[in-house]
Amino acid sequence: MPEALAERAYEPVIGLEIHVQLKTRTKMFCGCKLSFGEEPNTRTCPVCLGHPGTLPVTNAEAVHFALMIGLALECEIAPRSIFHRKNYFYPDLPKGYQVSQYDVPLASRGRLGDVRIHRVHLEEDAAKLVHAGASGRIHSAESSVVDFNRGGTPLVEIVTEPDVRSASQAKEWLELLRSTLRRLEVSDVRMEEGSLRCDANVSIRPAGEATLGTKTELKNMNSFRFLERGVNAEIARQEETLRAGGAISQETLHYDPASGALSPLRSKEEAHDYRYLPEPDLVPLAPTEEMLERARAALPELPAQRAERLERDLGLPPDNAQRLAFRTDLGDFFEATLQAAGDGADARTISNWLTGDLVSLVGDSDPAASKLEPSALARLVGMVAQGAVAPSAAKEVLAILVADGGDPARVVEAKGLGRAGADELTRVVERAMADQADAVEKIRAGNRKAEGAIVGAVMRETKGRADGAEVIRLLRERIGE
Ligand code: ADP
Ligand code: MG
Ligand code: ZN
């Protein structure tokens with residue numbers, strides 16, 4: 001029996017719960033502006049401070065954004081849903097309850113990529129507790145203070161079905177979701193700043209088993225890397241437990257990215273009874289046909305659709321299509337370059353330049369904000385195709401265009417980066433062979449790797465103006481292959 005346990009293969013099952021702060025002008029139920037790092041407690045009013053006798057009013061823009069999200073995730077929109085009070089006591093919640101949705105969410109039964117969406121609902125964010133230790137800027141050595149600026153910020157909660165099967169799939173899917181939400185322009189979706197927050201529910205089961213195992217919930221991993229690492233650590237912990245003959249207990253875990261440790265936050269036995277009650281101060285959400293139409297009309301082409309179009313219509317490799325589609329700025333620059341290149345443009349090669357060299361030059365920033373013009377990139381790619389510039393020299397030209405702008409032909413001429421001609425190249429190759437007789441010896445003996453020494457020498461000598469493939473051709477010709 002222990003032997004069978006040790007050898008058994010397990011399948012991870014993961015469901016995600018995501019909180020998205022909407023970037024509306026004002027808070028969910030009052031007129032306070034949203035806060036972006038203002039002085040603490042400067043964006044508050046009697047409503048979001050929970051003073052008695054105040055009345056909330058639902059933010060129409062938040063409803064519009066939530067409808068856009070629901071529709072983008074291919075959900076069914078509930079004709080009528082209400083808000084509930086979720087009761088619990090905590091200093092970040094001045095009313096003693098959070099206004100959220102309970103039995104009927106605004107949207108449900110959707111899909112994004114290969115993951116089904118269970119529900120999408122609207123709620124309000126809690127305030128922020130600042131725990132000040134000895135090094136904190138707060139007077140006493142051990143105290144916590146509350147900043148109510150965040151309290152009442154509109155949140156959309158998205159809950160998936162348990163369709164994810166690995167930590168890397170969880171990370172990739174969350175990237176697709178983030179890209180989709182960013183494209184909708186409904187949120188800043190910054191994990192480090194908390195405008196996108198993700199909890200992961202994790203269980204494992206013997207491969208082939210239909211019923212789900214007991215799950216644990218990992219709270220608030222604040223980066224894609226930590227999400228992937230945390231889920232992997234939890235899968236490993238559960239496997240180890242089961243293999244040792246133990247059982248998984250349903251609990252909420254906190255992942256510490258520094259140590260990699262998972263520690264329990266609370267177990268289900270002491271789980272809160274939130275005593276959900278219908279919120280009597282708010283009218284039900286009942287989107288009119290007009291509201292739905294307005295939300296539908298506001299949907300742009302979404303990243304998943306764009307990736308599919310780039311792959312299908314332009315024949316891009318799936319990886320490139322996805323990377324271009326997931327970053328609107330890159331996708332737009334790619335399409336502008338393609339258009340500038342005109343008829344017969346090589347979309348695949350242009351996509352390689354965009355996702356490879358250009359991204360390594362501009363990083364996360366918009367290439368359109370650099371000095372590089374799409375038409376200049378189109379011409380540079382054309383010059384490489386015609387053999388006027390070797391690929392490695394073209395990379396140098398690209399770096400110059402990104403930093404200073406201008407025309408690639410001029411840059412090539414001014415910097416002497418034109419491709420080495422046949423005569424020059426033959427001369428340089430022959431000299432490199434003469435200088436490195438031992439490498440040539442190895443090549444003759446059939447050692448392909450040794451060719452790198454000659455290619456490297458030629459590249460250095462020509463400052464990258466040679467085409468590596470051509471150098472190898474000349475080299476092998478001389479060796480008599
Ligand atoms: P709870 O009642 O604990 O909140 P839910 O049924 O509402 O649980 O599900 C919460 C999240 O957990 C969802 O994303 C769901 O897909 C996921 N989930 C549910 N059961 C499992 C399981 N056995 N393994 C992994 N994820 C699960
Ligand atoms: Mg739940
Ligand atoms: Zn307010």
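Counting starts at 1 for both ligands and their atoms, following the listed order.
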Aromatic plane relationship, H84 with Y276 - under 30° parallel, 30 to 60° tilted, over 60° perpendicular: perpendicular
Ligand-residue contact atoms, ligand 1 with G213, heavy atoms, under 4.0 Å: 23 (N)
Heavy-atom proximity to atom 26 (N) of ligand 1, best of I204, N201, D199: N201
Ligand 1 contact on D163 by region, counting heavy-atom pairs under 4.0 Å: neither
Among V115, L177, N201, side-chain contact (heavy atoms from CB on, under 4.5 Å) partner for T160: V115
Distance flag, aromatic centroids of F29 and F83, threshold under 6.0 Å: yes
Element-labelled atoms of ligand 1 that are located less than 4.0 Å from some non-hydrogen atom of P162: 16 (O), 26 (N), 27 (C)
T216 (side chain) donor-acceptor with Q250 (main chain) under 3.5 angstrom: no
Identified side-chain contact (heavy atoms from CB on, under 4.5 Å) counterpart of L218 within the set L262, L265, D199: L262
Numbered atoms and elements of ligand 1 in range of V159, under 4.0 angstrom, heavy atoms: 13 (C), 14 (O)
Polar atom proximity, E17 to ligand 1 (N or O, under 3.5 Å): no
K128 vs N149 side-chain heavy atoms within contact, under 4.5 Å: no
Shortest reach to atom 16 (O) of ligand 1 by a heavy atom, considering only V13, T216, V115, T160: T160
Intermediate values then yes/no, salt bridge (charged side-chain N to carboxylate O under 4.0 Å, His left out), D404 and K371: CA-CA 6 Å; D404 306 328; K371 294 281 179 59; 5.9 Å; no
Neighbour count >12 (heavy atoms, 6.0 Å) for atom CD, Q305: yes
Protein N, O or S within less than 2.8 Å of the Zn ion (ligand 3), waters excluded: C30 SG, C32 SG, C45 SG, C48 SG
Pairing of E234 and R237 as salt bridge, 4.0 angstrom limit: yes
Aromatic Y274 / basic K86 pairing, under 6.0 angstrom, 45° off normal: yes
4.0 Å heavy-atom contact, E161 with ligand 1: yes
